[in-house]
Amino acid sequence: TFVVRMHHHRDVADDVGGDIDGYVAKTLGLTPDEMTKTLAPEQIDALGLALHNIDKGSAFIMGDQTGIGKGRFVAGMLRFARLRGYLPVFVTDKPNLYADMIRDLIDIGESTPEKPFIPLVTNDLGGDEKVTLPDGRVLKEGGAKHQKTIAEATDKFMENGKLAAG
């Protein structure tokens with residue numbers, strides 16, 4: 001309920017010294033100005049709640065409706081994962097969402113020309129199907145070679161519990 005969410009938000013604010021914006025900016029390695037130029041207040045609040053839950057060993061489910069900014073939230077979480085030394089994973093059923101995610105990563109400074117975010121596409125983009133990314137790169141994975149890459153990454157993960165970067 002709304003009252004429970006407000007109490008949780010207040011508890012998070014208390015835990016981070018009353019400054020959720022500062023907590024999120026510091027955790028994501030952004031200045032407050034950089035953060036507020038790329039993230040809306042509701043995205044910052046959601047990131048604050050999620051990051052706080054992760055720090056406490058809990059999970060967080062983002063359930064906003066279409067158009068609220070889940071992409072920026074996910075981009076922030078991918079940035080957080082990378083900064084913590086985790087391998088960020090983004091999986092989608094709709095191939096066009098790879099372009100949307102790259103756009104959000106570019107907007108928060110997480111994918112740059114010098115260091116582009118390289119997704120491991122889990123969809124089979126066969127034939128003429130391709131996704132043009134905002135930075136001009138084209139995703140067109142598919143076929144036996146792509147399926148072999150996915151299988152190898154999965155096997156390595158099952159062997160040692162880690163995904164290889166790249």
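One-based numbering along the sequence shown.
For the atom pair CG (Asp21) and CG (Leu30), the distance works out to 12.0 Å, reported to the nearest 0.5 Å. Between the CG atom in Leu49 and the CD1 atom in Ile44 there is a gap of 12.0 Å [rounded to 0.5 Å]. Separating the CG atom in Asn96 from the CG atom in Leu139 is a distance of 11.5 Å, to the nearest 0.5 Å. In this structure, CZ in Arg137 is found 9.0 Å from CZ in Phe117, a value given to the nearest 0.5 Å.
Not counting sequence neighbours, Ser58 has no partner by the side chain to side chain donor-acceptor pair (under 3.5 Å) test.
Tyr23 and His52 have perpendicular rings, their planes meeting at more than 60° on a 0 to 90° scale where under 30° would count as parallel.
Residues Glu110 and Leu78 form no side-chain contact, since every pair of their non-hydrogen atoms from C-beta on lies 4.5 Å or further apart. Looking at Leu97 and Met101, their side chains never come closer than 4.5 Å, going by heavy atoms from C-beta outward. The shortest side-chain heavy-atom distance between Leu133 and Ile106 does not fall under the 4.5 Å cut-off. With contacts defined as side-chain heavy-atom distances shorter than 4.5 Å, the pair Asp135/Ile102 qualifies. Taking 4.5 Å as the limit, every side-chain heavy atom of Leu28 sits out of range of all side-chain heavy atoms of Glu34.
In this structure, Glu152 does not pair ionically with Lys156, as no charged nitrogen and carboxylate oxygen lie closer than 4.0 Å. Salt bridge Asp100/Lys70: absent, no basic N to carboxylate O contact under 4.0 Å.
In this structure, Gln43 contributes its side chain and Arg72 its backbone to no donor-acceptor pair below 3.5 Å.
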Should Ile108 and Arg79 be marked as a side-chain contact (heavy atoms from CB on, under 4.5 Å) after you check the CA-CA gap, both sets of side-chain angles, and the distance that decides it? CA-CA 9 Å; Ile108 68 165; Arg79 180 182 181 97; 4.2 Å; yes
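Nearest heavy-atom pair, Ser111 versus Pro116, reported as atom, atom and distance to 0.1 Å: OG-CA, 3.5 Å. Looking at every heavy atom in both residues, Ala25 comes nearest to Met35 through N-SD, 3.5 Å.
Looking at Ile54, Leu51, Leu47 one by one, the single match for side-chain contact (heavy atoms from CB on, under 4.5 Å) with Thr27 turns out to be Leu51.
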